[in-house]
Student: 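Here it is, the structure in full.
Side-chain atoms are counted along with the backbone in the values below, which use heavy atoms only and exclude waters and symmetry mates.
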Amino acid sequence: MQLRNIMAFKEKVHSIRFNQDQGCFICCMDSGVRIYNVEPLAEKAHLRIDMVGSLAHGEMLHRTNLLALVAGGSMPKYAENTVLIYDDLSKKLVLEFTFSSPVLAVRLRKDRLIVVCRRQIHVFSFPHHPERLFTCETRDNPRDMCEVSPMASSDRRILCFPAHKMGAVQLVDLLTTESTVSQAPLTVQAHQNELACLSLNRDGTDLATSSHKCTLIRVWDTSRRVQLSELRRGSDPATLYCINFSGDSEFLCCSSDKGTIHIFALKDPKLNRRSTFSKVLGQYGESQWALANFTVPPECACICAFGANSAVYAICVDGTFHKYVYKADGICNRESFDIYLDICDDHDF
C-alpha cells in the first residue's frame, strides 16, 4: 500500500514506496520524483518536474534502470489514466499504457507489469514485447491494495488483491495463468470487515492482511490458504500504511498513522509478548503482541521495512529517515534519526 497525501510537505509528497528488496525507495511529488538508497542513505536519481511533471505514484523494478510512473498532483504533465515507463539509462520515456479509468498504483516484476485501477487489475507481459495477458475484476479498491511476489526463482509467483466478497483476498498464481484467460479464483476469507492493507513475502508463500480497524494483522499460508498467526497491533483503531516481511520471513513490521512501528516474530512466536490481562480480556488477551516497537519522534505517518542485522527503517512524510535496531528481548535502539531527506522543497527546480 502506498503512503500518500498525508498533511505533510503542504501536499507536495504523494507517495513513498520501497523497491522489491527494500533496499531503495521512491518518492513521488509535485516537484517530480527522487530515488534513494537506504544503506547507506543517499539519493540515487532525481527526475525534475520539467521532465515528468508532478507524479502521484511510482514503482521501481528492483535496482534496474526502469521505473513505472503515474502522473498526479498540482502540475501533471500526463494523464492520470496512463502508466509511463521511464528508462534511466537512455533518460527518456520508452513505454506508455493507457486505461479507461485513473491508475491508482503500479506493481512490477521482472516479467510482469500490474496496473491497479479502482475496480480492475490489469496484468501485462513485461518489459519485452509487452501485451495485456488478462484483467481481473475486483471489489471497489480505493486504497490501491495489490501486491505481487518479486522473486523470479520462486515456485509461487503470487498476485493478491481484494476479492469481490468483503474481507476476502483473491490469489492468482502467475505461473499457471495463461494469456488472456485467468485461472479459477482462489480466495482467502481473511476478515469479516473491509480490508485495509495487504503484503506478501518475497517468495509468495506468506500473506499478511489487516481489516479497516487495523487492530490486528493475520498471516496466511498462500498454498494451503490457512491462517498461520494473528498479531495485535493495538487496541485502538488506526490507519495502517505499511506491512512488510523481513527478507527471511522470520519477522514482520507495520506502521500506522500513530507514528508507531511494531515488530513481530513469525518463526519463533514465543518472542512476542502476551497481555498480562489475558484472563480478563479472554481471546483478545491471548493474541500475540509485538516483540518490539518504537515511535518516530514526529509521530507522523511513515512506511517501514527491514534491513540487515535486525535493523528497521522508517521513512516519514515530514521528510525524516529513522533507523532502529531491535533485539530478541524487545529492546529497540535508535541508530540514526531526524535525517532530513530534502524532498519537500522545490525552490531549486
Student: Taking the side chain as every heavy atom from C-beta outward, state whether M166 and E194 have any pair of such atoms under 4.5 Å apart.
Tutor: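 Result yes, sub-4.5 Å side-chain heavy-atom pair found.
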
Student: Kindly give the heavy-atom pair with the smallest separation between Y324 and C332, and that separation in Å.
Tutor: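 Heavy atoms only, the tightest pair is CD2-CB, 4.2 Å.
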
Student: With R225, which residues qualify under side-chain hydrogen bond (donor to acceptor under 3.5 Å, both in side chains), at least two apart?
Tutor: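 Partners of R225 under the side-chain hydrogen bond (donor to acceptor under 3.5 Å, both in side chains) test: none.
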
Student: Please test L47 against L69 for side chain to side chain contact (heavy atoms under 4.5 Å, CB included), starting from the C-alpha separation and ending with a verdict.
Tutor: CA-CA 11 Å; L47 306 182; L69 305 172; 4.2 Å; yes

Student: I'd like to know if the side chain of S249 pairs up with that of N201 as donor and acceptor (distance under 3.5 Å, no hydrogens or angles considered).
Tutor: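 N201 and S249 do have a side-chain donor-acceptor pair below 3.5 Å.
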
Student: Kindly state each residue pair satisfying side chain to side chain donor-acceptor pair (under 3.5 Å) with at least one member in residues 156-166, sequence neighbours excluded.
Tutor: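 For residues 156-166, and leaving out neighbouring residues, the side chain to side chain donor-acceptor pair (under 3.5 Å) pairs sorted by first residue read R156-T222.
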
Student: Restricting to non-hydrogen atoms, name the atom on L291 and the atom on A328 that form the minimum distance, rounded to 0.1 Å.
Tutor: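 Shortest heavy-atom contact: CD1-O, 3.2 Å.
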
Student: Between S199 and A208, is there a donor-acceptor pair closer than 3.5 Å when you use the side chain of the first and the backbone of the second?
Tutor: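 Absent.
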
Student: Where is the tightest heavy-atom contact between Q288 and P269, given as atom of each residue plus distance?
Tutor: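 Scanning both residues completely, I find the closest heavy atoms to be OE1-CB, 3.4 Å.
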
Student: For the CG atom on N309, are there more than 12 heavy atoms of other groups (residues, nucleotides or ligands in this structure) within a distance under 6.0 Å?
Tutor: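 Open: at most 12 neighbouring heavy atoms sit under 6.0 Å from CG of N309.
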
Student: Determine whether V123 and L159 make a side-chain contact, defined as any pair of heavy atoms from C-beta on separated by less than 4.5 Å.
Tutor: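 V123 vs L159: side chains touch.
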
Student: Quick one: does Q22's side chain have a donor or acceptor within less than 3.5 Å of a partner on F306's backbone?
Tutor: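 Checked: pair present.
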
Student: At what distance, to the nearest 0.5 angstrom, does CZ of R218 lie from CG of L228?
Tutor: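 Here the rounded value is 12.5 Å.
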
Student: Going from CZ on R202 to CG on N244, what distance comes out if it is rounded to the nearest 0.5 angstrom?
Tutor: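 Output value for this atom pair is 9.0 Å.
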
Student: Within the distance-only criterion (no hydrogens, no angle test), does the side chain of R233 pair as donor or acceptor with the backbone N or O of C254 below 3.5 angstrom?
Tutor: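 Flag not set: sc R233 to bb C254 has no pair under 3.5 Å.
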
Student: Side chains of I315 and Y36: closer than 4.5 Å at any heavy-atom pair?
Tutor: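 Heavy-atom side-chain distance check fails, nothing below 4.5 Å.
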
Student: Between E39 and K323, does at least one N-O distance fall below 4.0 Å, as a salt bridge requires?
Tutor: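 Looking at K323 together with E39, the answer is yes, because their closest N to O distance falls below 4.0 Å.
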
Student: Please report the shortest heavy-atom distance between S229 and L266, naming the atom on each side.
Tutor: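 In this case the closest contact between S229 and L266 is OG-CD2, 4.1 Å.
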
Student: Looking at D21 and G23, would you say the former's side chain and the latter's main chain have a donor-acceptor pair under 3.5 Å?
Tutor: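 Yes.
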
Student: Using only atom types and a distance under 3.5 Å, with no angle test, would you say the side chain of N193 pairs donor to acceptor with the backbone of H212?
Tutor: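 Side chain of N193 to backbone of H212: no pair is present.
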
Student: Should the heavy atoms of other residues, nucleotides or ligands under 6.0 Å from CD of Q227 be counted, would the total exceed 12?
Tutor: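 Check passes, neighbour count above 12.
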
Student: CG/L174 to CG/L133 distance, rounded to the nearest 0.5 angstrom?
Tutor: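 Separation between the atoms: 8.5 Å.
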
Student: In plain terms, say whether E147 and R17 are close enough for a salt bridge, that is, a side-chain N and a carboxylate O under 4.0 Å apart.
Tutor: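 So E147 pairs with R17 through a salt bridge.
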
Student: Rounded to the nearest 0.5 Å, what's the gap from OG on S125 to CG on D111? Could you check?
Tutor: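 The CG atom of D111 is 9.5 Å from OG of S125, to the nearest 0.5 Å.
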
Student: Between I16 and C316, which heavy-atom pair has the shortest distance, and what is it?
Tutor: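 So the two residues come closest at CD1-O, 4.2 Å.
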
Student: Taking C-beta and beyond as the side chain, do D173 and I158 meet within less than 4.5 Å on heavy atoms?
Tutor: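 Sidechains of I158 and D173: in contact.
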
Student: Can you confirm whether C160 sits close enough to L207 that some side-chain heavy atom of one is under 4.5 Å from a side-chain heavy atom of the other?
Tutor: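 Yes, close enough: below the 4.5 Å cut-off.
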
Student: Give a yes or no answer on whether the side chain of R109 reaches the backbone of S149 with a donor-acceptor pair at less than 3.5 Å.
Tutor: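 Yes, R109 side chain to S149 backbone: donor-acceptor pair under 3.5 Å.
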
Student: Among V172, L195, V169, L171, which residue meets the side chain to side chain contact (heavy atoms under 4.5 Å, CB included) test with F161?
Tutor: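 Result for side chain to side chain contact (heavy atoms under 4.5 Å, CB included) with F161: V172.
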
Student: Check I114 against C146 and note the closest heavy-atom contact, atom names and distance.
Tutor: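 I114 and C146 have their closest heavy atoms at CG2-SG, 3.8 Å.
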
Student: So if you build clusters from Ile, Leu, Val, Met, Phe, Trp, Tyr with side-chain heavy-atom gaps below 4.5 Å, do L240 and L252 land together?
Tutor: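 Yes, because L240 and L252 connect within a single hydrophobic cluster, where side-chain heavy atoms sit under 4.5 Å apart.
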
Student: Once you round to the nearest 0.5 Å, how far does SG of C253 lie from CZ of F264?
Tutor: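 With rounding to 0.5 Å, SG (C253) is 10.0 Å from CZ (F264).
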
Student: Could you tell me which residues satisfy side-chain contact (heavy atoms from CB on, under 4.5 Å) with D257, sequence neighbours excluded, listed by chain and number?
Tutor: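 D257 satisfies side-chain contact (heavy atoms from CB on, under 4.5 Å) with A238, T239, Y241 only.
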
Student: Among the clusters formed by ILVMFWY side chains lying less than 4.5 Å apart, do L84 and Y86 turn up in the same one?
Tutor: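 As far as the 4.5 Å side-chain criterion goes, Y86 and L84 are connected within one cluster.
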
Student: Do the side chains of N19 and I26 get nearer than 4.5 Å, heavy atoms only?
Tutor: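 Counting from C-beta outward, I26 and N19 never come under 4.5 Å.
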
Student: Test side chain to side chain contact (heavy atoms under 4.5 Å, CB included) on L66 and D87 and set out the steps.
Tutor: CA-CA 5 Å; L66 297 179; D87 184 344; 4.1 Å; yes

Student: If a pair satisfies ring-ring contact (aromatic ring centres under 6.0 Å, His included) and one of its residues is in residues 244-263, list it, with sequence neighbours excluded.
Tutor: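 Listed once each, the pairs are F251-Y326.
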
Student: Would you find a donor on one side and an acceptor on the other, under 3.5 Å apart, between the side chain of S54 and the backbone of M29?
Tutor: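 Side chain of S54 to backbone of M29: no pair is present.
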
Student: Any donor-acceptor pair under 3.5 Å linking the side chain of R112 with the backbone of V148?
Tutor: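 Such a contact is absent between R112 side chain and V148 backbone.
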
Student: Are side-chain heavy atoms of Q120 and H122 found at a separation under 4.5 Å?
Tutor: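 Q120 vs H122: side chains touch.
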
Student: Is any side-chain heavy atom of V70 less than 4.5 Å from a side-chain heavy atom of H14?
Tutor: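 Counting from C-beta outward, V70 and H14 never come under 4.5 Å.
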
Student: Is there a path of hydrophobic side-chain contacts, each under 4.5 Å between heavy atoms, that joins L108 and V83?
Tutor: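 Per the 4.5 Å side-chain linkage, L108 and V83 are co-clustered.
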
Student: Is it true that V312 and L271 fall in one hydrophobic cluster, defined by side-chain heavy atoms closer than 4.5 Å?
Tutor: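 Yes.
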
Student: Quick one: side chains of residues 92-104, donor-acceptor pairs under 3.5 Å with protein atoms, not counting sequence neighbours, listed by atom name and distance.
Tutor:
none

Student: Test side chain to side chain contact (heavy atoms under 4.5 Å, CB included) on M145 and T138 and set out the steps.
Tutor: CA-CA 10 Å; M145 286 178 287; T138 74; over 6 Å; no

Student: Can you pull the side chain to side chain donor-acceptor pair (under 3.5 Å) pairs that have at least one residue in residues 66-78, sequence neighbours excluded?
Tutor: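 Side chain to side chain donor-acceptor pair (under 3.5 Å) check on residues 66-78 returns D30-S74.
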
Student: Within this structure, what is the CD1-CD1 distance for the pair I217 and I243, rounded to the nearest 0.5 Å?
Tutor: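 Interatomic distance, I217 CD1 to I243 CD1, rounded to 0.5 Å: 4.0 Å.
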
Student: Please answer: with hydrophobic residues joined when any side-chain heavy atoms are less than 4.5 Å apart, are V296 and V325 in the same cluster?
Tutor: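 Not linked; separate clusters.
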
Student: Using only atom types and a distance under 3.5 Å, with no angle test, would you say the side chain of T209 pairs donor to acceptor with the backbone of L198?
Tutor: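 No; zero donor-acceptor contacts below 3.5 Å.
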
Student: Applying side chain to side chain donor-acceptor pair (under 3.5 Å) between R118 and each of D140, D144, N141, report the one that passes.
Tutor: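 Looking at D140, D144, N141, the match for R118 under the side chain to side chain donor-acceptor pair (under 3.5 Å) is D140.
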
Student: Q20 side chain to M60 main-chain N or O, any donor-acceptor pair under 3.5 Å?
Tutor: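 Such a contact is found between Q20 side chain and M60 backbone.
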
